[in-house]
Amino acid sequence: MRYYELTGQDHPRYVEQVPVVIAGLLKDRDMLLKSGAYTPMYFNSPEQIRSDVS
């Protein structure tokens with residue numbers, strides 16, 4: 001957030017890693033939901049973040 005505040009742009013490392021992290025979460029979605037680690041509503045956020053960064 002601080003980098004964004006200073007430059008008006010997302011940090012390049014953030015932009016690079018967001019799709020990787022989101023892909024991992026979505027790949028493991030069924031297991032994460034089954035384990036109770038996340039709620040179904042949680043998975044709305046990664047999709048929105050991915051579209052914002054893309």
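What you see below is based on every heavy atom in this structure, not just the backbone, and it leaves out hydrogens, waters and symmetry mates. Index from 1, following the sequence.
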* Partner residues of Y4 under the ring-ring contact (aromatic ring centres under 6.0 Å, His included) criterion, sequence neighbours left out -> none
* Shared ILVMFWY cluster between I22 and M31, side chains joined below 4.5 angstrom? -> yes
* Asked: Going by the side chain to side chain donor-acceptor pair (under 3.5 Å) test, which pairs reach into residues 24-39, not counting sequence neighbours?
  -> none
* **Y3: partners by ring-ring contact (aromatic ring centres under 6.0 Å, His included), with sequence neighbours left out** => H11
* **Criterion side chain to side chain contact (heavy atoms under 4.5 Å, CB included) on Y42 and L32, from CA distance to verdict** => CA-CA 11 Å; Y42 173 82; L32 293 168; over 6 Å; no
* Structure fact -> All heavy atoms of L25 vs all of F43, minimum pair found to be O-CE2, 3.6 Å
* Rounded to the nearest 0.5 Å, what separation is found between the CE atom of M1 and the CG atom of L6? -> 11.0 Å
